[in-house]
Amino acid sequence: MNVLGLETSCDETSAAIVSDGTVVRSNIIASQADLHAKYGGVVPEVASRKHVERMLPTIQEALDAANLTYPDIDSIAVANRPGLLGALLVGVSCAKSLAYVLKLPVATVHHLEGHIYSALIQEPELTNRFPLLILVVSGGHTQIVRMDGHGKYTILGKTRDDAAGEAFDKGARLLGLPYPGGPNVARLADSGDPSAIRFPRAVLGNNLDFSFSGVKTALRTFVQKDAGKSKSADVAAGYQTAIVDSLVARLKKAAHETGIRTVAVVGGVAANSHLKAEMQKMADTQQLHLVVPSPILCTDNAAMIASAGYFRLISGSNDPLAFDTYATETLGAGS
Ligand code: KG4
Ligand code: ZN
């Protein structure tokens, strides 16, 4: 079954064709990062307008790259929650129009569920090897999710304030680095000494929650007091290490408490190579099987949406064309 996936929840316009849930035939991502960089972050109105311009050409590109035409599409999957409402609306309106004209079923997909399926694309054997323990680290969310089957999620822990990606983005701003912050902090940190400056790790007690507002405040205070005396690469490396250490410690605790041996790290921050290396070290010592998707599948893309949609569709679930968009919704609550 060829599923056309559409993703427009933030500043990437993406269309992908995925066959049978995990075979990525094409995955086209038109990033708007350059456009938003001069504002220091995503401007929702600008994002929506660009999605309108780019949606159809991006779909055409996805079809061409897969060597397919519209009649070859069997179903459509679209991210409809959570995200910027005006941005989501573009993908959703496009999915509805195509479904109506081509008479195809549509599955709506929770954006974080999409991120989870990026791990299943990376390692298709996982599609029938549950339970899985998944750390979702994106710009807006940080959650540890237990997955007991397709569409069966339990949130075991989440951030009490900033998401990990937000901590990278806000940290970048404090360090004078341009948007998007995460990759720029990572690049600078590469040439720094991670132990030169120690930033605090949140101590939250016996649970699986996260907090990143403390480390961000510590960076702000440090930058003000230091006034440029320290090497900026050392500051970035120390800051990145503090975020990564918190993520690794929480996933290790979750694996220990649940006894789940297969763990995955997904979402934009999972593209961070230091995070991946530290997670691998932890997985090796704990004898866990770790899956981290390739960077192109970590950041927002439509292949992950098509994959999640496929597994909803084959379970017999699809959505009547009156479906809506939602700015916020808890994973597993509505689907
Ligand atoms: O999943 P994603 O592409 O979009 C959302 O769903 O939010 O995640 C975007 C986040 C941003 O905060 C971005 O700075 C961060 O992922 N990010 C990174 C890296 N690449 C993207 N953070 C750290 N290191 C990276 N290499
Ligand atoms: Zn995302």
Side-chain angles (χ1 to χ4, degrees), residues 5-14 16 27 29-33 36-37 40-42 44 47 78-84 87-88 91 109-119 134-143 145 158-159 162-175 177-190 192 194 210 212 215-216 236-237 239-248 264-279 292-305 307-308 327-329 331:
L6 303 179
E7 158 63 43
T8 61
S9 64
C10 191
D11 63 340
E12 263 98 21
T13 316
S14 182
N27 189 19
I29 303 158
S31 173
Q32 305 175 3
H36 299 284
V42 179
V78 62
N80 74 328
R81 65 197 192 280
L84 302 171
L88 286 166
V109 173
H110 190 290
H111 181 78
L112 298 189
E113 182 174 28
H115 277 302
I116 288 172
Y117 274 80
S118 68
I134 297 147
L135 171 65
V136 186
V137 271
S138 68
H141 296 82
T142 299
Q143 299 186 344
V145 179
K158 58 182 186 316
T159 184
D162 291 347
E166 210 175 343
F168 269 102
D169 295 338
K170 289 178 177 171
R173 230 178 281 176
L174 292 168
L175 291 168
L177 300 171
Y179 172 86
N184 286 319
V185 171
R187 216 165 291 130
L188 183 59
D190 270 351
F210 302 86
F212 294 105
V215 68
K216 182 193 63 190
Y239 184 68
Q240 171 175 267
T241 299
I243 296 172
V244 165
D245 281 0
S246 304
L247 295 171
V248 172
V265 186
V266 302
V269 181
N272 185 284
S273 48
H274 180 61
L275 175 64
K276 183 175 174 176
E278 292 302 312
M279 282 289 181
V292 182
S294 59
I296 199 71
L297 289 171
C298 289
T299 45
D300 287 350
N301 68 89
M304 67 188 196
I305 304 299
S307 175
T328 56
E329 202 197 59
L331 179 66

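Just so you know, ligand 1 is whichever comes first in the structure, and atom 1 is the first atom listed for that ligand.
Of all atoms in ligand 1, numbered sequentially from 1 with element shown, those under 4.0 Å from a heavy atom of Gly268 are 1 (O), 2 (P), 3 (O), 8 (O), 16 (O), 17 (N), 18 (C), 19 (C), 20 (N), 21 (C). Set against the non-hydrogen atoms of His115, the atoms of ligand 1 under 4.0 Å away are 1 (O), 6 (O). Counting atoms of ligand 1 from 1 in the listed order, those under 4.0 Å from a heavy atom of Asp169 are 11 (C), 12 (O), 13 (C), 14 (O). Every atom of ligand 1 with a heavy atom of Ala271 under 4.0 Å away is listed here by number and element: 26 (N). Within ligand 1, the atoms closer than 4.0 Å to a non-hydrogen atom of Gly140 are 7 (O), numbered from 1 in the order shown. Counting atoms of ligand 1 from 1 in the listed order, those under 4.0 Å from a heavy atom of Gly165 are 12 (O).
Between the Thr241 side chain and the Ala237 main chain, a donor and an acceptor come within less than 3.5 Å of each other. Here the side chain of Ser14 pairs no donor or acceptor atom with the backbone of Asn301 at under 3.5 angstrom. A donor-acceptor contact shorter than 3.5 Å links the side chain of Asp169 to the backbone of Gly181. Of the possible donor and acceptor atoms, none in the side chain of Asn184 sits under 3.5 Å from a partner among the backbone N and O of Leu177. Here the side chain of Thr299 pairs no donor or acceptor atom with the backbone of Gly268 at under 3.5 angstrom.
Taking distance alone, with nitrogen or oxygen atoms compared against 3.5 Å, Ala186 stays at or beyond that limit from ligand 1. Looking at ligand 1, you'll find an N or O of Gly139 within less than 3.5 Å of one of its N or O atoms. Polar contact check, Thr299 against ligand 1: no nitrogen or oxygen pair lies under 3.5 Å apart. Ligand 1 has an N or O atom lying under 3.5 Å from an N or O atom of Gly182, backbone or side chain.
Note on ring orientation: taking the six-membered ring where Trp is involved, the planes of Phe212 and Phe210 are parallel (angle under 30°, cut-offs 30° and 60°).
Ligand 1 is never approached by His141 to a heavy-atom distance shorter than 4.0 Å. Using a 4.0 angstrom heavy-atom cutoff, Pro180 does not count as in contact with ligand 1. Residue Cys10 places every heavy atom at 4.0 Å or more from ligand 1.
The distance from the CZ atom of Arg81 to the CG atom of Leu112 is 10.0 Å, given to the nearest 0.5 Å. In this structure, CG on Asp245 lies 10.5 Å from CD on Gln240, to the nearest 0.5 angstrom.
Looking at Glu12 against ligand 1, nothing comes within 4.0 Å, counting heavy atoms. The backbone and the side chain of Asp300 each have at least one atom closer than 4.0 Å to an atom of ligand 1 (non-hydrogen atoms only).
Among all protein heavy atoms, the one lying closest to atom 6 (O) of ligand 1 is His111 NE2, 3.0 Å. When only non-hydrogen protein atoms are considered, atom 23 (C) of ligand 1 lies nearest to Asn272 ND2, 3.5 Å.
Partners of Lys158 according to the salt bridge (charged side-chain N to carboxylate O under 4.0 Å, His left out) rule, which considers only residues two or more places apart in sequence or in another chain, do not exist here.
Shown are the protein N/O/S atoms under 2.8 Å from the Zn ion (ligand 2), given by residue and atom: His111 NE2, His115 NE2, Asp300 OD1.
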Q: Determine, step by step, whether Asp300 and His111 satisfy the side chain to side chain contact (heavy atoms under 4.5 Å, CB included) criterion, reporting the C-alpha distance in whole Å, the side-chain angles of both residues, the deciding distance to 0.1 Å, and the verdict.
A: CA-CA 9 Å; Asp300 287 350; His111 181 78; 3.0 Å; yes
Q: Using the side chain to side chain contact (heavy atoms under 4.5 Å, CB included) rule, take Val42 and Tyr179 through it: C-alpha gap first, then chi angles, then the decisive distance, then the call.
A: CA-CA 9 Å; Val42 179; Tyr179 172 86; 3.1 Å; yes
Q: Report the C-alpha separation of Thr142 and Glu166 in whole Å, then their side-chain angles, then the decisive distance to 0.1 Å, and conclude whether the side chain to side chain contact (heavy atoms under 4.5 Å, CB included) test is met.
A: CA-CA 10 Å; Thr142 299; Glu166 210 175 343; over 6 Å; no
Q: Before giving the answer on side chain to side chain contact (heavy atoms under 4.5 Å, CB included), spell out for Val215 and Asp162 the whole-Å C-alpha distance, their side-chain angles and the decisive distance to 0.1 Å.
A: CA-CA 10 Å; Val215 68; Asp162 291 347; over 6 Å; no
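Using a 4.5 Å heavy-atom cutoff, the side chains of Leu247 and Glu278 are not in contact.
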